[in-house]
2 protein chains.
Amino acid sequence: MTVTSVHDPSHREALWELEDAFDRGDLISIFGRCTIVYEGRAATDLGTGDRLLVLKPDGAALVHTDEGHRPVNWQPPGSEHRAAVREGRLRVRSTRNNPDETLTVRFSDVHRLTAMAVTGGRDLTLHGSEEDLRTRILEQPELVEPGFEPTATERPSSAGPMDVFGVDADGNPVVVELKRRRVGPDAVGQLARYVRALREELGAEERDRTVRGVLVAPSITDRAAERLSDRGFDHVALEPTAEE
Amino acid sequence: MTVTSVHDPSHREALWELEDAFDRGDLISIFGRCTIVYEGRAATDLGTGDRLLVLKPDGAALVHTDEGHRPVNWQPPGSEHRAAVREGRLRVRSTRNNPDETLTVRFSDVHRLTAMAVTGGRDLTLHGSEEDLRTRILEQPELVEPGFEPTATERPSSAGPMDVFGVDADGNPVVVELKRRRVGPDAVGQLARYVRALREELGAEERDRTVRGVLVAPSITDRAAERLSDRGFDHVALEPTAEE
DNA sequence: CTATCGATTTCGCAC
DNA sequence: GTGCGAAGTCGATAG
């Protein structure tokens, strides 16, 4: 069978199972009572409690409590898991370099250890991303405004690549910044950087007011709208995918 | 015992165990072969594969493969889990409103279902955050520069609250933006917004060049340094916690 | 509720 | 490796 599981093992039994599972490259879950110490980019301490520890063969480690989407402690992929029994207790330690980080889980009780061989089945297809929004605009440029013609995507500039670049009906250059969801002031700043870079690039013959900025997003906060208006930019309300 | 676990249950047995675990408010882990459909802010499809499904009593749902720190699919806390057997197969569905989102996991095989009652033990203490950096500066303002005197934290402005506000040795107002790690151009934009808001606020008598901007961060990218210098702002290299 | 911003953000891609 | 920006970001706090 591809799944092994032990109930209330001794700390030594748990260690053996764990090392076997490491060797097999299994996905591992451990229910147990433990304390946790993390030291790296930041540092945390977590006292005794019942938790779920997940160990992945790619080096990822996750500690979950009964609450929350995100693990209370973790270690990213690329870390190295090691297990040992110290003072009669199972200790699992996951370390990585650059930055140097260590996650240490000390068990007082191991309730259930389960391991399963898992490969493949990771090919997720996602719809509704910013890239979908870009595709939609390239296929129907008039959604931005009548007469708009995209000429490039990811056009380079000194401020970084612009999402979409093109010309309007009057031949003015247009910088388009895309956001898949409602935006705040930061997105306006981003657009402004690109517009400014392009204005400097185009130089004297095509002066400031010819380069336009357009923010394409489903909606926009008041403060962002204000900053957008200050800069003389436009907002076009558009979602990544058409409503059905 | 606080942990229940079943091995290779029938789909109906799995359903019973799952419903019992829901009733008890357990933290649940299911190893099994399944397909996954998500529909909400975006939409995803994931074909058949072996995965770990974690269901929490607060409504969070996580689907993990053998790779990565983040779940391949998930549902945030506050969702509602429901289980059923459809066409002889266990189906777990987690839904929430605002936004409307649904995660559906259809099992072809349930290898191992484990559930544990978990409460408490969630009081994490963390060190090395931006707040620690602020505390450090308030205790030793000379780390920013000789003669600097902080007068407020989270000082409100039309652009939002400033991390630290104060005056320099010459009596000039200083806006300080804190970052716990290396920063890019976005942080300069954030600082610039605060400085601009303060300049407008102070009005005519204390004109532009009197309001200073200081970015406190361990380090800074070249592009960010350039933008900082364009604006006439300063960078102070400082970490959230003192080196030991 | 919405808006804003931090985060051990993670993740992916380009240079 | 670093830099940059997206993400179904999440999460916490203030209004």
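Below, chains carry the letters A, B, ... as their sequence lines are ordered, and counting in each starts from 1. Quick note: numbers below take in every heavy atom, side chains included, and nothing from hydrogens, waters or symmetry partners.
If you check every strand for non-hydrogen atoms under 4.0 Å, A:Arg193 touches sugar and phosphate atoms only. Within 4.0 Å (heavy atoms only), A:Thr44 reaches at least one base atom of the nucleic acid. Among the protein residues, B:Ala60 comes within range of no part of the nucleic acid, since none of its heavy atoms lies under 4.0 Å from any strand. Residue B:Asn73 is classed as a base contact, given a heavy-atom separation below 4.0 Å to a base. Residue B:Ala159 is classed as a sugar-phosphate contact, given heavy-atom separations below 4.0 Å to backbone atoms only. Residue A:Pro99 is classed as having no contact, given no heavy-atom separation below 4.0 Å to the nucleic acid. Counting any heavy atom pair closer than 4.0 Å across all strands shown, A:Glu177 reaches sugar-phosphate atoms only and no base atom. Nucleic acid contact for B:Asp186: none, since no nucleic acid atom lies under 4.0 Å from a heavy atom of the residue.
The gap from the P atom of C:dA7 to that of D:dA7 amounts to 22 Å, rounded to the nearest Å. Nucleotides C:dT8 and C:dT4 place their P atoms 23 Å apart, quoted to the nearest Å. Between D:dT9 and D:dG5, the distance separating the two C1' atoms is 13 Å to the nearest Å. D:dG8 and C:dA14 have their C1' atoms separated by 25 Å, given to the nearest Å.
The number of heavy atoms from other shown groups lying within 6.0 Å of CD (A:Glu149) does not exceed 12.
At least one side-chain heavy atom of B:Glu145 sits less than 4.5 Å from a side-chain heavy atom of B:Asp168. Taking the side chain as every heavy atom from C-beta outward, A:His81 and A:Thr95 never approach each other to under 4.5 Å.
Using a 3.5 Å distance cut-off with no hydrogens or angles, the side chains of A:Lys56 and B:His64 do pair a donor with an acceptor. Defined by atom type and a distance below 3.5 Å, a donor-acceptor pair is missing between the side-chain atoms of B:Asp66 and A:Thr119. No donor-acceptor contact under 3.5 angstrom links the side chains of B:Glu177 and B:Tyr194, judged on distance only. Between the side chains of A:Arg106 and A:Thr35, no donor N or O sits under 3.5 Å from an acceptor N or O.
Remark: side-chain polar atoms of B:Asn73 are not paired, donor with acceptor, to backbone N or O of B:Tyr38 under 3.5 angstrom.
Rounded to an integer number of Å, the gap from A:Arg180 CZ to D:dA6 C1' is 10 Å. Atoms CG (A:Leu126) and C1' (D:dA6) sit 12 Å apart, rounded to a whole Å. To the nearest angstrom, C1' of D:dT2 lies 10 Å from CG of B:Asp222. Summarising the geometry, the separation between CD on A:Glu130 and C1' on D:dT9 is reported as 14 Å, rounded to the nearest angstrom.
A cation-pi arrangement is absent between B:Arg89 and B:Phe107 under the rule of less than 6.0 angstrom and at most 45 degrees off the ring axis.
At D:dC4, none of the side-chain N or O atoms of A:Gln190 fall inside 4.0 Å of OP1 or OP2 (strictly under the cut-off). Checking the phosphate oxygens (OP1, OP2) of D:dT2, no side-chain nitrogen or oxygen of B:Arg182 falls inside 4.0 Å.
A salt bridge links A:Glu154 with A:Arg134: the closest approach of a Lys/Arg side-chain nitrogen to an acidic carboxylate oxygen falls below 4.0 angstrom.
Toward the 5' end of DNA chain D, the nearer of the two residues B:Pro185 and B:Ala43, judged by each one's closest nucleotide, is B:Pro185. Each of B:Asn98 and B:Gly160 was assigned the nucleotide of DNA chain C with the nearest heavy atom; the assignment lying further toward the 5' end belongs to B:Asn98.
Remark: A:Arg182 engages no residue in a salt bridge (Lys or Arg N to Asp or Glu O under 4.0 Å) (not counting sequence neighbours).
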**OP:** Assign a letter to each nucleotide of nucleotides 10-15 of chain D from its 5' end: B, base within under 4.0 Å of a protein heavy atom; S, sugar-phosphate only; -, no contact.
**Re:** BS----
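Closest to the side chain of A:Tyr194, from the set D:dG5, D:dG8, D:dA6, is D:dG5.
Heavy-atom contacts of chain B under 4.0 Å fall on DNA chain C between two terminal nucleotides, which in 5' to 3' order are C:dC5 to C:dC11.
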